[in-house]
Amino acid sequence: MVREFGDGYRLRRATAADHAAFNLVCLRTGDSGKDATAREDDPNLLGLIYATPYQVLEPDFALAVEGPDGVCGYVLGTPDSSTFYHRYRTKWMSQLAARVRDPGGDESRWRGSDWARHAIHHPEIVYPPVLEAYPAHGHIDLLEAARGRGIGRAGLEHLMGLLRAAGAPGMHLQVSPRNRSALKFYEKLGFGEARGSDLPRHTVFMARSL
Ligand SMILES: CC(C)(COP(=O)(O)OP(=O)(O)OC[C@H]1O[C@@H](n2cnc3c(N)ncnc32)[C@H](O)[C@@H]1OP(=O)(O)O)[C@@H](O)C(=O)NCCC(=O)NCCS
């Protein structure tokens with residue numbers, strides 16, 4: 001157990017038994033923080049790309065948020081993005097790709113979760129030199145009922161402590177520019193926007209030293 005928040009909410013270390021719930025949380029926060037259920041035809045792919053692999057590949061940095069109705073969030077990370085992404089590509093995405101068809105590169109023909117199927121076959125991993133001062137990265141998502149209770153701050157601060165203890169000098173997180181509320185949350189926690197010509201324009205990287 002990491003921490004109790006009252007009303008049945010608690011933060012604890014995640015286990016493999018949390019994977020199905022993580023996939024659901026990822027789906028229900030997958031449209032820039034909002035519910036992506038209506039957009040996807042496969043409810044698990046978002047979580048299989050962005051959440052579950054962190055528990056599998058980095059179990060020491062994987063936290064689950066539990067509420068009165070079960071798991072309602074996660075806080076996930078890795079202290080070393082370079083090593084993580086290598087294992088993610090070779091151990092995780094290659095196995096996933098064997099179970100999912102490639103919809104091809106013509107975006108105009110993509111439907112439902114085809115964008116995710118394409119991402120599984122052609123992972124877009126962004127870790128340019130400008131982020132190397134912040135080699136840890138992470139993901140945090142909470143279902144609506146769990147928000148605004150201080151769980152996000154406590155969870156991310158706990159994760160930052162684990163990453164710092166593992167030797168990471170800094171951390172970054174990738175955010176959609178449309179997710180104003182997450183951007184404000186990260187700013188409150190001391191993150192600022194990383195800037196560099198080698199960063200893609202369609203996404204924001206928030207970074208801070210640890
Ligand atoms: C973003 C998120 C993780 C924040 O977690 P949370 O538990 O709601 O945040 P907390 O209650 O711990 O708030 C922490 C601080 O951030 C501030 N904050 C949180 N959301 C904010 C918002 N929309 N606007 C301004 N400040 C905000 C709080 O006021 C608080 O400040 P304080 O600690 O100085 O008093 C959570 O809302 C969430 O999961 N949202 C949907 C999924 C998502 O967008 N994830 C991020 C994807 S990149």
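Both backbone and side-chain heavy atoms feed into the values below; hydrogens, waters and symmetry mates do not. Treat the numbers as computed from the prediction; the structure is a model and nothing was measured. Counting convention: from 1, in listed order, for ligands and their atoms alike.
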Exercise for the section: For R180, look at atom CZ and say whether over 12 heavy atoms of other residues, nucleotides or ligands are found less than 6.0 Å away. Expected result: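 Atom CZ in R180 is not packed in, count stays at 12 or less.
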Handout entry: More than 12 heavy atoms of other groups within 6.0 Å of R101 CZ
Key =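 Atom CZ in R101 is crowded, with more than 12 foreign heavy atoms closer than 6.0 Å.
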Problem - Approximate separation, where rounding is to 0.5 Å, of R147 CZ and F185 CZ - result: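 Rounded to the nearest 0.5 Å, the CZ-CZ separation comes out at 11.5 Å.
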Problem - Approximate separation, where rounding is to 0.5 Å, of Y186 OH and N179 CG - result: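 Separation between the atoms: 7.5 Å.
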Handout entry: Flag: protein heavy atom within less than 4.0 Å of atom 28 (C) of ligand 1
Key =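 Given the 4.0 Å limit, the answer for atom 28 (C) of ligand 1 is no, no protein heavy atom qualifies.
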Problem - Under-4.0 Å heavy-atom contact between protein and atom 14 (C) of ligand 1 - result: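 Yes, because at least one protein heavy atom sits under 4.0 Å from atom 14 (C) of ligand 1.
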Practice task
Inspect the contact between R111 and D114 and indicate whether a charged nitrogen and a carboxylate oxygen are less than 4.0 angstrom apart.
Solution key: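 No.
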Exercise for the section: Determine, for D141 against R28, whether the closest basic-nitrogen to carboxylate-oxygen distance falls under 4.0 angstrom. Expected result: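 Looking at R28 together with D141, the answer is no, because their closest N to O distance does not fall below 4.0 Å.
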Nearest protein heavy-atom contact for [atom]: which residue, which atom, what distance?
atom                    : answer
atom 5 (O) of ligand 1  : G152 CA, 3.5 Å
atom 21 (C) of ligand 1 : S181 O, 4.0 Å
atom 17 (C) of ligand 1 : K188 CG, 3.9 Å
atom 4 (C) of ligand 1  : F185 CD1, 3.4 Å

Hey, does [Y] have a side-chain heavy atom less than 4.5 Å from the side chain of [X]?
X    : Y    : result
V56  : H19  : yes
H139 : F22  : no
L156 : F191 : yes

What atoms of ligand 1 come within less than 4.0 Å of a heavy atom belonging to [X]?
X    : result
K184 : 24 (N), 25 (C)
Y186 : 46 (C), 47 (C), 48 (S)
I151 : 7 (O), 12 (O)
A182 : 44 (O), 46 (C)
G150 : 10 (P), 11 (O), 12 (O)
R149 : 11 (O)

Problem - Polar contact flag, side-chain donor to acceptor under 3.5 angstrom, D80-S82 - result: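 Short answer, no.
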Backbone, side chain, both or neither: what part of [X] comes under 4.0 angstrom of ligand 1, heavy atoms only?
X    : answer
Q174 : backbone
R147 : both
N179 : side chain

Problem - N or O pair under 3.5 Å between L142 and ligand 1 - result: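 So ligand 1 has an N or O lying under 3.5 Å from an N or O of L142.
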Handout entry: N or O pair under 3.5 Å between I140 and ligand 1
Key =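 By distance alone, the answer is yes.
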Exercise for the section: Give a yes/no on ligand 1: does D141 have at least one heavy atom closer than 4.0 angstrom to it? Expected result: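 Contact check D141 vs ligand 1: positive.
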Problem - Whether Y54 and Y88 hold their rings parallel, tilted or perpendicular, with breakpoints at 30° and 60° - result: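 If you compare the ring of Y54 with that of Y88, the planes turn out tilted.
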Handout entry: For atom 8 (O) of ligand 1, the option (of A154, S176, G148) bearing the nearest heavy atom
Key =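 Result: the heavy atom closest to atom 8 (O) of ligand 1 is in G148.
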Practice task
Name the option, out of R153, M206, E157, that contains the heavy atom nearest to atom 34 (O) of ligand 1.
Solution key: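 Looking at heavy atoms only, R153 sits closest to atom 34 (O) of ligand 1.
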Problem - Pair F205 + H137: ring centers closer than 6.0 Å - result: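 Between H137 and F205, which both carry aromatic rings, the centre distance is not below 6.0 Å.
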